[in-house]
Amino acid sequence: MAKYLLHCFILLCMSASAQSPWYHHTTIYQIYPRSFYDSNGDGIGDIQGIIQKLDHVKDMGYQTIWCSPFFKSPQKDFGYDISDYQAIAPEYGTMQDAEQLIAEVHKRGMHIVFDMVMNHTSMEHPWFKADVERGKADSTKDFYIWRDKPTNWKSMTGGSGWQYNEQRKQYFYASFLPFQPDLNYRNPIVKETMLNNVRFWLKKGVDGFRLDIFNVIYKDGEFRNNPFMMKAVPSETDPSGFFQKAKYTINQQESFAFAKELRAVCNEFGDKMLLGEVSGDKATIKKFMGDDKNDGLGLVFNFEMLRYKMKASYFHELIEGIEQNFTEPFMPVYVFSNHDRRRSIRRINNDMQKARLLHLMQLTVRGVPCMYYGEEIGMTDGHMPYKTALDPIPHKYNLPRFLVDMNGETLNRDELRTPMQWNDTTNAGFSTNNITWLPVNPDYKTVNVAAENADANSLMNSIKALLHLRKQHAVFANGDLKLIDKKLLPKNVLGYTRSYNGKEVLVLINYSNGNKQVKLSKTYSNILYQIDNSSNKKGDSVVLSPLGGIVLM
Ligand code: GLC
């Protein structure tokens with residue numbers, strides 16, 4: 001009998017996965033290798049450091065790890081400027097370490113995806129040097145995009161994207177920073193070479209890739225100038241800015257098609273995750289996922305929520321918009337922090353209680369949650385001067401800091417990349433070196449893994465409980481979502497149900513500072529989760545405490 005039940009269970013799991021891929025039902029933890037754990041005491045995090053801390057990720061309940069790049073690179077953009085796609089930067093370890101990392105992650109029943117920077121390389125890549133050496137005589141061999149005369153195209157970071165090369169006496173195009181020349185995907189050899197780099201890692205067993213600025217891979221083949229637009233600052237939902245519409249530089253048809261080609265290559269190796277870093281309105285970013293068949297990337301970040309507001313109405317509209325656009329076979333990705341943008345807790349004045357509400361929502365909605373290292377303990381941004389930044393971005397602008405602060409952002413990404421806070425010992429337990437590549441945030445004495453582990457009510461333990469709940473009840477990863485009509489809820493309370501295979505879960509979150517009573521339309525027999533045990537289930541109604549939340553089944 002037990003055997004028969006097990007067999008039915010396996011079949012059930014198989015039929016669910018036949019409908020949608022594993023990566024639509026996973027949870028992601030982003031590791032920035034330089035800042036995670038330093039195993040050899042040189043002040044820089046490394047691959048062995050990640051391996052040594054895998055049990056933390058596993059215990060938390062995350063199912064997939066995304067590692068920012070650790071490939072060979074001059075590190076001018078800390079690994080997002082690659083000079084060899086098939087080699088590991090020595091400060092992070094060796095090829096053997098990378099292989100061991102994949103094996104150790106798999107041993108723990110998790111997945112691991114690497115970061116593929118396909119759009120550009122470092123200027124130190126031999127391909128770039130060869131283009132310069134060869135000169136413009138035989139442009140069919142070019143790996144990069146060269147022109148005698150620049151177009152008006154602006155880079156994503158502002159200013160002309162064209163950079164003059166003295167030796168070749170031509171301009172090359174760089175979508176991001178001047179030292180990151182864009183590859184020329186219109187040259188079939190470039191495309192095949194890059195796809196082979198993808199295959200190289202898939203053969204090693206990696207479970208997929210996060211794809212860096214994938215929406216600029218193709219630029220207009222006719223080099224038409226971008227039209228003027230009265231818009232200074234690009235946003236998550238509209239990448240145009242710097243007073244031009246990015247009509248010919250971003251989100252080109254060929255890039256959507258390339259997403260499908262990349263998917264086909266991955267399919268040679270099985271079910272692989274592709275997670276695109278793209279920006280644009282919902283209809284546009286959805287195109288990267290593929291058409292109705294979802295045969296493109298399959299996942300893209302829903303970046304619109306990076307600048308979230310801690311209000312029920314904000315989340316109601318967010319979820320509503322996402323549900324209208326990303327229903328099956330699509331799956332959204334809920335993300336509030338990464339290595340480029342302010343940490344999520346900073347936007348709520350480092351309020352741990354509010355952070356618990358944020359992640360209660362993130363981990364119970366229909367979508368793939370993606371969290372940045374340290375987000376689980378409420379790590380916040382450091383405050384570091386722009387002048388001495390290691391990050392190249394602040395050096396590109398001459399902007400007074402207060403203008404950026406006023407906008408709730410920072411140009412200095414060092415601030416959000418400080419070392420992981422493991423405990424309250426020297427350097428937060430990150431490194432034994434006197435000097436760490438970036439200073440540890442001074443709040444590490446209280447905000448750290450060890451301290452939060454010991455506190456049953458910590459942010460970390462509440463995130464852990466939710467991650468485990470997701471694993472325990474398939475309704476969270478697989479179920480439908482229905483928002484509860486705002487009119488049926490008290491002001492500043494968000495509510496939704498999730499349902500799957502006849503099971504229903506109700507999530508209620510109170511964003512206000514007062515108690516809120518919610519009348520239930522049906523009886524739920526179990527409290528699956530509640531914040532601080534302070535929300536009580538009383539017969540046919542629930543009293544939510546200030547900044548409280550509850551999950552009923
Ligand atoms: C992406 C990365 C960022 C990097 C840039 C250029 O936005 O997330 O860190 O600087 O691309 O590769």
Side-chain angles (χ1 to χ4, degrees), residues 28 30-36 45 66-83 85 89 113-125 128 144 154-159 161 163 172-183 185 194 197 209-217 219 233-236 239 241 246 249-251 255 274-280 285 288 297 299-303 306 333 335-343 370-373 381 389-397 409-418 437-438:
I28 305 174
Q30 180 192 356
I31 292 179
Y32 195 71
R34 208 172 179 85
S35 300
F36 201 54
W66 147 36
C67 273
S68 282
F70 40 55
F71 310 109
K72 194 171 167 210
S73 154
Q75 308 291 345
K76 283 180 89 178
D77 189 16
F78 296 105
Y80 285 93
D81 49 332
I82 295 171
S83 55
Y85 288 84
V113 302
F114 285 179
D115 210 315
M116 254 297 139
V117 187
M118 301 192 79
N119 176 67
H120 52 268
T121 69
S122 153
M123 282 172 82
E124 288 183 25
H125 199 293
F128 188 76
Y144 298 84
K154 296 270 169 69
S155 86
M156 294 168 99
T157 54
Q163 310 299 329
F172 65 87
Y173 192 67
S175 286
F176 202 75
L177 288 165
F179 54 82
Q180 291 165 317
D182 282 25
L183 286 163
Y185 279 83
M194 283 307 288
N197 281 326
F209 305 96
R210 175 264 187 188
L211 300 159
D212 196 68
I213 51 172
F214 196 79
N215 57 339
V216 293
I217 291 255
K219 277 65 62 177
V233 188
S235 68
E236 295 76 21
T249 39
I250 303 187
N251 295 335
S255 299
L274 290 174
L275 171 54
E277 185 199 21
V278 297
S279 53
I285 63 171
F288 283 104
L297 302 184
L299 288 177
V300 299
F301 292 105
N302 291 81
F303 282 137
L306 282 176
V333 175
V335 59
F336 295 100
S337 291
N338 61 31
H339 63 293
D340 293 326
R341 299 296 293 272
R342 276 222 171 293
R343 282 185 174 269
C370 181
M371 294 178 68
Y372 184 44
Y373 83 92
D381 303 340
L390 302 180
D391 180 18
I393 296 272
H395 299 290
K396 193 172 170 178
Y397 304 89
E409 297 296 338
T410 179
L411 291 180
N412 186 359
R413 296 175 298 173
D414 293 355
E415 295 183 344
L416 33 121
R417 297 171 175 179
T418 57
W437 83 282
L438 285 174

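When a ligand or atom number is given, it counts from 1 through the structure's own listing order.
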> For atom 7 (O) of ligand 1, what's the nearest protein heavy-atom neighbour? Residue, atom name and distance, please.
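The closest one turns out to be Glu277 OE2, 2.8 Å.
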
> Heavy atom under 4.0 Å from ligand 1: found in Arg417's side chain, backbone, both, or neither?
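The answer is the side chain.
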
> Applying a heavy-atom cut-off of 4.0 Å, say which part of Arg210 lies close to ligand 1: side chain, backbone, both or neither.
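The answer is the side chain of Arg210.
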
> Ignoring hydrogens and angles, state whether a donor on the side chain of Thr410 or Glu415 is under 3.5 Å from an acceptor on the partner side chain.
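Distance-only check passes for Thr410 and Glu415.
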
> Give me the residue, atom name and distance of the protein heavy atom closest to atom 3 (C) of ligand 1.
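In this structure, atom 3 (C) of ligand 1 has Asp340 OD1, 3.2 Å as its nearest protein heavy atom.
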
> Below 4.0 Å from ligand 1: does a non-hydrogen atom of Lys76 turn up there or not?
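For ligand 1, residue contact (heavy atoms, under 4.0 Å) with Lys76 is absent.
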
> Does Glu124 offer a backbone N or O that forms a donor-acceptor pair with the side chain of Ser83 under 3.5 Å?
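Side chain of Ser83 to backbone of Glu124, a donor-acceptor pair under 3.5 Å: no, none is there.
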
> Side chains of Tyr397 and Thr157: any donor to acceptor distance under 3.5 Å?
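Absent: no donor and acceptor within the cut-off.
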
> Under a 4.0 Å heavy-atom limit, does Tyr80 contact ligand 1 with its side chain, its backbone, both, or neither?
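The answer is both.
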
> Going by the atom numbers of ligand 1, which of them fall below 4.0 Å from some non-hydrogen atom of His339?
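Every atom of ligand 1 under 4.0 Å from some heavy atom of His339: 2 (C), 3 (C), 8 (O), 9 (O).
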
> Quick one about Tyr144 and Thr121 (side-chain donor to acceptor, distance below 3.5 Å, no hydrogens or angles considered), yes or no?
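A pair is found: one side chain offers a donor N or O, the other an acceptor, under 3.5 Å apart.
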
> Which atom pair, heavy atoms only, marks the closest approach of Asn251 to Phe288?
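Taking every non-hydrogen atom into account, OD1-CE1, 3.3 Å.
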
> For atom 6 (C) of ligand 1, what is the nearest protein heavy atom, given as residue, atom name and distance?
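Closest protein heavy atom to atom 6 (C) of ligand 1: Phe176 CD2, 3.4 Å.
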
> I'd like to check which ligand 1 atoms, numbered from 1 as shown, lie under 4.0 Å from a non-hydrogen atom of Arg413.
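Listed by number with element: 3 (C), 4 (C), 9 (O), 10 (O).
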
> Does a side chain donor of either Ser73 or Asp81 reach within less than 3.5 Å of an acceptor in the other side chain?
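A pair is found: one side chain offers a donor N or O, the other an acceptor, under 3.5 Å apart.
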
> Check Leu299, Val300, Leu297 against Leu274 for a side-chain contact (heavy atoms from CB on, under 4.5 Å) and give me the one that passes.
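So, applying the side-chain contact (heavy atoms from CB on, under 4.5 Å) to Leu274 and each of Leu299, Val300, Leu297, only Leu297 qualifies.
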
> Of the protein's non-hydrogen atoms, which lies at the shortest distance from atom 4 (C) of ligand 1, and what is that distance?
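Nearest protein contact, heavy atoms only, for atom 4 (C) of ligand 1 is Asp77 OD2, 3.3 Å.
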
> Among Val216, Asp81, Asp212, which one has a heavy atom closest to atom 11 (O) of ligand 1?
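Selected option, by shortest heavy-atom distance: Asp212.
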
> Which of the numbered atoms in ligand 1 are below 4.0 angstrom from a heavy atom of His120?
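In order of numbering, the contacting atoms are 6 (C), 12 (O).
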
> Quick check for you: to the nearest 0.5 Å, what is the distance between Gln30 atom CD and Tyr372 atom OH?
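Answer rounded to 0.5 Å: 6.0 Å.
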
